Every structure is written in C-alpha cells, then in structure tokens.
Amino acid sequence: MIKLTVIIPVYNEIKTIEKLINKILEINLSKQIIVVDDGSNDGTDIVLQKLSYKIDKLIVHPKNLGKGAAIKSGQEHIKGKYIGIQDADLEYDPKDYQKILEPFTLGVADVVYGSRFIGSDKKRVLYFWHTVGNKFLTLFSNFFTNLNLSDMEVGYKAFKTDIIKNINLKENRFGFEPEITAKIAKRNLKIYEVGVKYY
C-alpha cells in the first residue's frame with residue numbers, strides 16, 4: 001500500500017519544480033506524487049510534461065485558480081494512507097516527511113502540522129514583519145478554533161486520507177489554510193505539530 005500521497009500545487013515554479021520532484025523521489029518511502037499545474041505561464045508546464053514519467057498524476061488547470069483549487073483537484077486521485085501538501089518553491093524540505101509521518105505511525109495523530117516556530121535542527125531567520133503577520137493570523141485562527149497551533153499558515157500539513165477526502169473544501173486560494181484548520185477543529189481529531197526546516 002502507498003504510505004504517502006504528496007499533492008504539489010504548482011504555479012510558475014520553473015526554477016524549482018524539477019529539483020523538488022527529484023528530492024521527493026529520493027525519499028525512501030512508498031509514495032504517490034500528484035502535481036497540479038495551476039495555469040503556469042513561465043514554462044513550468046513544459047518542464048512538467050518532460051517530467052511526467054516521474055509523476056504519478058499530472059493535472060493541468062487552464063488558468064490560475066489558486067492553491068485551494070489545486071488541492072481540491074488532487075483530492076479525488078489520492079491513493080496513499082496519508083496525504084501531505086508540498087509547496088513547489090523548495091522552502092520546505094521533503095526530508096522532513098519521515099518526521100511528519102511519525103505521529104501517524106505511533107498512532108497518536110489524525111492530522112500533523114509542520115511548524116517553522118518550534119524546535120528543528122535548522123531554521124532560517126525569518127523577516128520580523130512576516131513573523132508578526134503569521135503569528136497574528138495563527139492567533140486569530142486559534143481564537144476561533146480553540147486550538148493552540150504555533151503556525152497555522154505553514155505549507156506542510158498532513159492528514160489521514162479518509163479525513164481529507166471527507167472534508168468539503170470551498171476556498172480556492174490561500175484561504176485553504178484557515179478553512180482546513182477550522183474544519184478539522186470542528187471534529188474530534190488528534191492534531192500534532194512537528195518542527196520543520198524552512199528555507
């Protein structure tokens with residue numbers, strides 16, 4: 001059985017997409033790679049066609065619809081036991097997959113969020129106002145969801161597949177992040193955070 005399905009929303013990532021896919025393939029883990037080209041117009045689409053033999057499912061949007069829309073397009077093709085979201089810009093390291101999956105394999109989590117703000121072996125120093133904005137959005141989300149997340153906007157989120165398949169997503173753009181957080185908070189789910197590297 002495939003352990004992890006990785007959905008990669010892609011928009012104009014010609015400089016990083018091939019390197020990212022190769023990094024994912026290097027991870028010693030049974031996985032399915034779903035790439036959603038969300039209307040790229042910088043040549044990313046051409047690169048993806050050349051890489052299609054390395055990708056399990058390539059979905060192409062004729063125009064840019066947003067991250068949430070890309071994830072929704074990938075939902076119906078999930079075959080893994082767990083589903084992870086991977087941004088295409090290489091800010092997050094696929095080597096952290098094992099760390100993110102550990103709470104699942106220990107049987108203590110239904111949902112795992114990465115966090116740029118809790119312990120990890122390496123950490124990029126972030127811009128002050130970027131961090132303030134992120135912490136404000138996380139605080140706002142926590143206020144309404146009664147969770148105590150440290151990084152709601154993080155690009156690394158993973159779910160048991162049956163959970164994500166049974167959530168009706170509405171948001172097409174970056175509203176996906178607070179929407180999915182609010183919807184999992186309404187369920188009686190075990191949510192964990194793990195520190196991840198961020199470049």
Side-chain angles (χ1 to χ4, degrees), residues 1-9 20-36 54-57 67-68 70-123 134 138 141-142 145-169 171 176-199:
M1 181 180 180
I2 296 168
K3 187 164 189 180
L4 178 67
T5 292
V6 182
I7 295 183
I8 311 170
L20 172 67
I21 289 169
N22 288 334
K23 278 178 168 276
I24 293 171
L25 290 170
E26 288 170 7
I27 304 301
N28 185 22
L29 185 70
S30 60
K31 55 199 165 290
Q32 173 195 23
I33 301 173
I34 299 173
V35 177
V36 184
K54 295 183 176 184
I55 299 166
D56 297 294
K57 182 69 180 176
K67 182 176 182 177
I71 292 165
K72 285 190 280 186
S73 291
Q75 261 183 312
E76 61 188 271
H77 303 283
I78 297 169
K79 294 181 180 174
K81 187 174 183 181
Y82 308 108
I83 164 71
I85 313 297
Q86 168 78 57
D87 290 347
D89 55 12
L90 282 176
E91 288 182 344
Y92 299 95
D93 190 344
K95 288 180 182 174
D96 281 334
Y97 289 173
Q98 300 286 6
K99 190 189 295 187
I100 288 168
L101 290 174
E102 187 177 1
F104 292 124
T105 54
L106 291 173
V108 296
D110 300 308
V111 177
V112 179
Y113 276 42
S115 175
R116 295 163 286 182
F117 304 120
I118 62 175
S120 180
D121 54 338
K122 293 185 195 72
K123 196 169 299 298
N134 188 290
T138 298
S141 171
N142 287 345
T145 62
N146 197 31
L147 299 176
N148 66 342
L149 292 169
S150 66
D151 193 4
M152 180 272 295
E153 290 281 340
V154 70
Y156 262 176
K157 294 176 174 68
F159 311 86
K160 287 182 175 177
T161 293
D162 60 336
I163 290 168
I164 198 77
K165 280 192 167 182
N166 288 311
I167 291 178
N168 183 19
L169 296 170
E171 290 291 332
F176 161 79
E177 311 291 1
E179 179 192 14
I180 193 70
T181 303
K183 286 183 174 176
I184 64 169
K186 287 181 179 177
R187 302 176 177 216
N188 188 25
L189 300 174
K190 295 172 286 184
I191 305 167
Y192 268 66
E193 279 189 310
V194 297
V196 294
K197 293 183 282 294
Y198 179 74
Y199 300 99

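Remember, predicted model here, so these are calculated numbers, not experimental data.
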ask   = Parallel, tilted or perpendicular: which fits the ring planes of Y156 and Y97, with parallel below 30° and perpendicular above 60°?
value = tilted
Output for pair (K57 NZ, H77 NE2), nearest 0.5 Å, gives 4.5 Å
Only residue of D93, I118, I100 satisfying side-chain contact (heavy atoms from CB on, under 4.5 Å) with V196 is I100
Residues T5 and G80: closest non-hydrogen pair is OG1-N, 2.7 Å
Side chains of E171 and I180, heavy atoms from C-beta outward: is any pair under 4.5 Å?
no
Discussion item. Just checking N166: does its CG atom have more than 12 heavy atoms from other residues, nucleotides or ligands closer to it than 6.0 angstrom?
Written reply: yes
Does the side chain of K183 pick up a donor-acceptor pair with the side chain of N168 at under 3.5 Å? no
Item checked: Heavy-atom check, side chain of I78 versus side chain of K165, under 4.5 Å -> yes
Q) Are any non-hydrogen side-chain atoms of I24 and K31 less than 4.5 angstrom apart? A) yes
Quick one: does any side-chain atom of S115 pair with a main-chain N or O of V194 as donor and acceptor, under 3.5 Å? no
Evaluate side-chain contact (heavy atoms from CB on, under 4.5 Å) for I163 paired with L189, printing each intermediate quantity in order.
CA-CA 9 Å; I163 290 168; L189 300 174; 3.8 Å; yes
Nearest heavy-atom contact between P94 and I27 is O-CD1, 3.6 Å
query = Can D96 and K99 be said to form a salt bridge (Lys or Arg N to Asp or Glu O under 4.0 Å), step by step?
reply = CA-CA 5 Å; D96 281 334; K99 190 189 295 187; 3.8 Å; yes
For the side chain of Q32 and the backbone of K79, is there at least one donor-acceptor N/O pair under 3.5 Å apart? yes
Heavy-atom closest pair (T181 atom, I184 atom, distance to 0.1 Å) is O-CG1, 3.3 Å
R187 versus I167: any side-chain heavy-atom pair under 4.5 Å? yes
Here the pair of heavy atoms bringing A88 nearest to L20 is CA-CD2, 3.5 Å
Q. Is the NZ or CZ atom of K67 positioned over F176's six-membered ring, under 6.0 angstrom from the centre and within 45° of the axis?
A. no
* I would like to know whether Y113 and V111 meet side-chain contact (heavy atoms from CB on, under 4.5 Å); could you show each step before the answer? => CA-CA 7 Å; Y113 276 42; V111 177; 3.5 Å; yes
For this session: Decide side-chain contact (heavy atoms from CB on, under 4.5 Å) for I34 and V6; before the verdict, give the C-alpha distance in whole Å, the side-chain angles of both, and the deciding distance to 0.1 Å.
Result: CA-CA 6 Å; I34 299 173; V6 182; over 6 Å; no
Side-chain touch K197/Y92, heavy atoms, less than 4.5 angstrom: no
When rounded to the nearest 0.5 Å, the distance separating OG1 of T105 from CD of Q98 is 8.5 Å
Rounded to the nearest 0.5 Å, the CD atom of E91 sits from the CZ atom of R116 at a distance of 8.0 Å
Checklist line | 4.5 Å side-chain heavy-atom contact, I33 and I8 | finding: yes
Of all heavy-atom pairs linking L29 and L101, the shortest is CD2-CD1, 3.6 Å
State, with a plain yes or no, whether a side-chain heavy atom of I83 is found less than 4.5 Å away from one of Q75. no
K190 NZ: over 12 foreign heavy atoms closer than 6.0 Å | yes
Q) Hey, are the side chains of L169 and E179 touching, using non-hydrogen atoms and a 4.5 Å cut-off? A) yes
For I7 and G74 the tightest heavy-atom approach is CD1-C, 3.8 Å
